[in-house]
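See below for the structure under consideration.
What's counted below: heavy atoms across the whole structure, side chains too, no hydrogens, waters or symmetry copies. We're numbering straight along the sequence, starting at 1.
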Amino acid sequence: QVQLVESGGGSVQAGGSLRLSCAASGYTYSMYCMGWFRQAPGKEREGVAVLATVGTTTVYADSVKGRFTISQDNAKNTLYLQMNSLKPEDTAMYYCAASNFLACIDGPQVVRRVFNYWGQGTQVTVSS
């Protein structure tokens with residue numbers, strides 16, 4: 001079983017930066033996909049950035065392209081999300097997710113249903 005724990009969230013002003021971390025424990029060798037999702041009040045959980053480890057493919061939501069960067073430190077079993085130029089609309093609960101299935105990315109789309117491990121989330125609040 002894989003356990004994911006997010007950290008690094010907080011409150012920042014618009015234009016600021018945060019780096020989220022996701023520490024993975026347990027059997028992680030078969031985690032072919034890892035990613036970040038977010039959910040704002042009243043909205044569905046949406047994919048923010050996903051990394052497919054086998055093909056080293058990344059997919060970003062259009063709203064965060066050029067501002068967010070997903071990365072992974074295999075030695076530390078840690079996933080990161082560097083968030084720059086934050087906007088108030090980035091305010092949400094951010095979740096780390098992982099999948100031991102290969103098809104987490106379909107072209108430019110994130111296949112959310114294949115992610116079978118989830119963290120409890122870390123809150124990001126961006127004020128004007």
Side-chain angles (χ1 to χ4, degrees):
Q1 188 175 0
V2 174
Q3 185 174 3
L4 306 174
V5 180
E6 304 96 335
S7 62
S11 298
V12 298
Q13 293 184 336
S17 298
L18 285 173
R19 189 180 75 159
L20 305 183
S21 298
C22 173
S25 60
Y27 186 75
T28 63
Y29 298 101
S30 62
M31 296 297 103
Y32 299 118
C33 297
M34 297 196 73
W36 292 94
F37 295 75
R38 67 185 182 187
Q39 187 169 21
K43 297 184 178 180
E44 294 185 355
R45 190 171 300 184
E46 299 179 343
V48 176
V50 169
L51 187 155
T53 58
V54 175
T56 62
T57 302
T58 57
V59 172
Y60 294 91
D62 289 339
S63 60
V64 307
K65 287 181 179 178
R67 300 188 298 119
F68 291 9
T69 302
I70 187 172
S71 62
Q72 183 182 38
D73 187 333
N74 291 327
K76 297 181 179 179
N77 276 338
T78 302
L79 185 74
Y80 301 98
L81 183 67
Q82 179 65 46
M83 305 186 295
N84 298 325
S85 301
L86 284 164
K87 304 175 181 179
E89 50 263 44
D90 295 319
T91 296
M93 183 73 74
Y94 283 72
Y95 298 90
C96 176
S99 174
N100 54 8
F101 300 99
L102 293 173
C104 63
I105 296 175
D106 185 7
Q109 299 178 341
V110 175
V111 186
R112 186 176 62 183
R113 60 179 173 83
V114 308
F115 287 87
N116 52 332
Y117 296 98
W118 295 84
Q120 294 188 6
T122 184
Q123 179 67 40
V124 172
T125 302
V126 184
S127 60
S128 300

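Applying the 6.0 Å contact sphere to CD of E44 captures no more than 12 heavy atoms from other residues, nucleotides or ligands.
Looking at T78, its side chain never comes within 3.5 Å of a backbone N or O of A23 through a donor-acceptor pair. Proximity of a side-chain donor or acceptor of T122 to a complementary backbone N or O of G9 within less than 3.5 Å is detected. Within the 3.5 Å criterion, the main-chain N or O of S85 finds a donor-acceptor partner in the side chain of R67. Remark: side-chain polar atoms of S21 are not paired, donor with acceptor, to backbone N or O of S7 under 3.5 angstrom.
Checking N84 against S17 by side-chain atom types alone, a donor-acceptor pair falls below 3.5 Å. For R38 and S63, the side-chain atoms include at least one donor-acceptor pair closer than 3.5 Å.
Hydrophobic clustering of Ile, Leu, Val, Met, Phe, Trp and Tyr side chains at less than 4.5 Å, counting indirect connections, keeps V64 apart from V50. In the hydrophobic clustering of ILVMFWY residues, with side-chain heavy atoms under 4.5 Å counting as a link, L51 and Y95 come out apart. One hydrophobic cluster, built from ILVMFWY side chains closer than 4.5 Å, cannot hold both I105 and L81; they sit in different ones.
Atom OG1 of T69 and atom CE of M83 lie 11.0 Å apart (nearest 0.5 Å). How far CZ of F37 is from CE of M93: 16.0 Å, rounded to the nearest 0.5 Å. For the atom pair L18 CG and S11 OG, the distance stands at 8.5 Å (nearest 0.5 Å). We find the CH2-OH distance between W36 and Y80 to be 10.0 Å, quoted to the nearest 0.5 Å. Considering CD of Q72 and CE of M31, their distance stands at 11.0 Å, rounded to 0.5 Å. How far CZ of R45 is from CH2 of W118: 5.0 Å, rounded to the nearest 0.5 Å.
Proximity of S71 to Q82: side-chain heavy atoms (C-beta onward) are nowhere separated by under 4.5 Å. The shortest side-chain heavy-atom distance between C33 and V114 does not fall under the 4.5 Å cut-off. The shortest side-chain heavy-atom distance between N100 and N116 falls under the 4.5 Å cut-off. Between I70 and L79, the closest side-chain pair of non-hydrogen atoms falls below 4.5 Å.
Of the charged side-chain nitrogens involved, none lies within less than 4.0 Å of a carboxylate oxygen, so that K87 and D90 do not count as a salt-bridged pair.
The two residues A14 and S128 have their closest heavy-atom pair at CB-CA, 4.4 Å. The two atoms that bring E6 and G121 nearest to each other are OE1-N, 2.9 Å, heavy atoms only. The two atoms that bring V126 and T91 nearest to each other are N-OG1, 2.9 Å, heavy atoms only. Taking all atoms of both residues into account, the shortest heavy-atom contact from A92 to Q123 is O-NE2, 3.3 Å.
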Next item on the list: Before giving the answer on side-chain contact (heavy atoms from CB on, under 4.5 Å), spell out for Q39 and Y94 the whole-Å C-alpha distance, their side-chain angles and the decisive distance to 0.1 Å.
Entry: CA-CA 7 Å; Q39 187 169 21; Y94 283 72; over 6 Å; no

Margin query: Apply side-chain contact (heavy atoms from CB on, under 4.5 Å) to residues V48 and Y60 and explain how you reach the verdict.
Written below: CA-CA 6 Å; V48 176; Y60 294 91; 6.0 Å; no

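Aromatic ring centres of F101 and F115 lie farther apart than the 6.0 Å criterion allows.
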